[in-house]
J.: 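Once you've had a glance at the structure underneath, I'll fire off some questions.
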Amino acid sequence: MSSDTYNLVQSRYGDIAKQTVTTQQHEKEEQIARAFGYSAEDLGSLPEKTNLGLSCGNPVGFANMKEGETILDLGSGSGIDVLLAARKVGVNGQAIGVDMTKSMIELAEKNMQNARVSNARFIEATINSVPLPNSSVDCIISNCVINLVPATDKPAVFEEIARLLKPGGRVAISDILARKPLPDHMTKNMALYVGCVAGASEIARYEEYLEQAGFEGMHTANKGT
């Protein structure tokens, strides 16, 4: 089941990466991004196909990034948060994106070149098995991606986050959560799954994932779907 889910997600987001963006679609995507906290200045500084309207928040906006830090984005897609993070940490810092969809990696690398950002890079991998050393990242962000991971694999994602963070490191995640259990007709609907709805964890369960991985000082804002 997990492999089928990953394949479906890859297929869906691979298609998104390859699609041609119309003017009307671009305007809609900008409205979505601004509603989730991206500024017009930030969006205007990015190549056209960087914002695909897939966010459910703006983790860069509350991650408190500092000059010289190493930032990791789990599920980086077209690279919107990586490119914004790269500018925040400056030339002495680094922003790394991880995504399992090859066409998204290719699009992100193209956007990086067009944006003339030199302190970013992208890795093709799953977010529960990132090929980076232990304790190598100052801050990990993720934007509407962990809800796409099958429930059986979600604990491994948070364990991987804990492995990668330096002592005192932090996490800033924007994700879709559920206030109560979702009915079977929703959780088994693959269209809703790839649409970031059916895979949403309950708030309490999400907090358990974090606690079990050893995290402290958690703050959950705007809870629920």
Side-chain angles (χ1 to χ4, degrees), residues 2-3 5-6 9-10 13-14 17 50 54-55 57-113 115 117-150 152-175 201 206 209-218:
S2 292
S3 61
T5 302
Y6 285 123
V9 170
Q10 279 184 306
Y13 287 90
T50 310
L54 301 175
S55 302
N58 177 10
V60 176
F62 61 86
N64 193 28
M65 297 176 186
K66 301 177 181 65
E67 184 86 17
E69 288 190 322
T70 297
I71 310 298
L72 176 65
D73 182 12
L74 298 181
S76 50
S78 57
I80 180 171
D81 292 323
V82 172
L83 299 185
L84 293 175
R87 289 171 177 164
K88 283 187 173 291
V89 300
V91 294
N92 294 321
Q94 183 178 201
I96 305 167
V98 174
D99 202 284
M100 69 176 184
T101 304
K102 185 175 181 62
S103 52
M104 276 294 186
I105 292 288
E106 292 170 348
L107 176 58
E109 290 176 338
K110 182 178 179 180
N111 288 333
M112 178 182 66
Q113 292 167 4
V117 171
S118 60
N119 61 330
R121 66 186 175 104
F122 295 92
I123 300 170
E124 184 180 348
T126 61
I127 65 173
N128 57 7
S129 183
V130 180
L132 290 174
N134 295 353
S135 306
S136 59
V137 178
D138 295 289
C139 178
I140 292 178
I141 62 174
S142 188
N143 195 343
C144 212
V145 172
I146 296 176
N147 56 68
L148 292 170
V149 176
T152 53
D153 292 349
K154 279 187 172 71
V157 173
F158 291 96
E159 290 168 6
E160 187 71 342
I161 290 172
R163 179 187 73 80
L164 292 165
L165 282 174
K166 296 177 182 178
R170 61 198 185 281
V171 182
I173 299 173
S174 293
D175 214 354
S201 302
Y206 209 85
Y209 292 142
L210 288 162
E211 290 173 357
Q212 288 168 2
F215 287 97
E216 299 175 349
M218 292 175 288

J.: For the residue pair N58 and S174, what are the closest heavy atoms and their distance?
T.: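 Looking at all heavy atoms of both residues, the closest pair is N-OG, 3.6 Å.
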
J.: Once the angle between the rings of Y209 and F158 is folded into 0 to 90°, is it parallel (under 30°), tilted (30 to 60°) or perpendicular (over 60°)?
T.: parallel

J.: For G77, is there any backbone N or O sitting under 3.5 Å from a side-chain donor or acceptor partner on D99?
T.: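 A pair under 3.5 Å: yes.
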
J.: Could you go step by step and tell me if E160 and V98 meet the side chain to side chain contact (heavy atoms under 4.5 Å, CB included) rule?
T.: CA-CA 13 Å; E160 187 71 342; V98 174; over 6 Å; no

J.: At what distance, to the nearest 0.5 angstrom, does OG of S129 lie from CZ of R163?
T.: 7.5 Å

J.: Just to verify, which of L72, L74, I127 counts as forming a side-chain contact (heavy atoms from CB on, under 4.5 Å) with I161?
T.: L74

J.: Is there a side chain to side chain contact (heavy atoms under 4.5 Å, CB included) between Q212 and E159 once you walk through the steps?
T.: CA-CA 8 Å; Q212 288 168 2; E159 290 168 6; over 6 Å; no

J.: Let me confirm one number: the OG-CD distance from S118 to Q94, rounded to the nearest 0.5 Å.
T.: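 Taking OG in S118 and CD in Q94, the distance rounds to 10.5 Å.
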
J.: Short question: side chain of N143, backbone of P59 - any donor-acceptor pair under 3.5 Å?
T.: no

J.: To the closest 0.5 Å, what do you measure between OG (S76) and CG (D81)?
T.: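 Rounded to the nearest 0.5 Å, the OG-CG separation comes to 9.0 Å.
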
J.: Please report the C-alpha distance between T126 and D153 in whole Å, then the side-chain angles of each, then the deciding distance to 0.1 Å, and finally whether the side chain to side chain contact (heavy atoms under 4.5 Å, CB included) criterion is met.
T.: CA-CA 11 Å; T126 61; D153 292 349; over 6 Å; no

J.: Assess whether atom NZ of K102 is packed by more than 12 heavy atoms of other residues, nucleotides or ligands within 6.0 Å.
T.: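 Atom NZ in K102 is not crowded, with 12 or fewer foreign heavy atoms closer than 6.0 Å.
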
J.: If you compare all heavy atoms of A17 against all heavy atoms of L107, which two are closest, and at what distance to 0.1 Å?
T.: O-CD2, 3.9 Å

J.: Under 3.5 Å, side chain of N147 to main-chain N/O of D175, donor-acceptor pair present?
T.: no

J.: For I105 and E109: C-alpha separation, side-chain torsions, deciding distance, then whether side chain to side chain contact (heavy atoms under 4.5 Å, CB included) applies.
T.: CA-CA 6 Å; I105 292 288; E109 290 176 338; 3.8 Å; yes

J.: Verify, without hydrogens or angle tests, whether T70 (side chain) and D138 (backbone) share a donor-acceptor contact under 3.5 angstrom.
T.: no

J.: Which atom names give the shortest non-hydrogen contact between S201 and Y206, and what distance separates them?
T.: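 For S201 versus Y206, the nearest heavy atoms are CB-CD1, 3.9 Å.
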
J.: Please report the interatomic distance CG(N111) to CE(M104), rounded to the nearest 0.5 Å.
T.: 10.0 Å

J.: Return the minimal non-hydrogen interatomic distance between I173 and I146, and the atom names on each side.
T.: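 Shortest heavy-atom separation between I173 and I146 comes out as CD1-CD1, 3.8 Å.
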
J.: Does the side chain of V145 reach to within under 4.5 Å of the side chain of Y13, using non-hydrogen atoms?
T.: no

J.: With I71, which of I140, V137, V89 fulfils side-chain contact (heavy atoms from CB on, under 4.5 Å)?
T.: V89

J.: What's the spacing between M65 CE and R87 CZ if we round to 0.5 Å?
T.: 13.0 Å

J.: Which distance, rounded to the nearest 0.5 Å, do you find between the CG of N64 and the SG of C139?
T.: 8.5 Å

J.: Over all heavy atoms of both residues, which pair between A172 and A63 is shortest? Give the atoms and the distance, please.
T.: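 Scanning both residues, the minimum pair turns out to be CB-CB, 3.8 Å.
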
J.: Any donor and acceptor pair, going by atom type alone, linking the side chain of N119 with main-chain N or O of G90 inside 3.5 Å?
T.: yes

J.: Would you confirm whether K154, through its side chain, and V149, through its main-chain N or O, come within 3.5 Å as a donor-acceptor pair?
T.: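 Between the backbone of V149 and the side chain of K154 there is a qualifying donor-acceptor contact (under 3.5 Å).
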
J.: Search all heavy atoms of R170 against all heavy atoms of E69 and return the closest pair with its distance.
T.: NH2-OE1, 2.7 Å

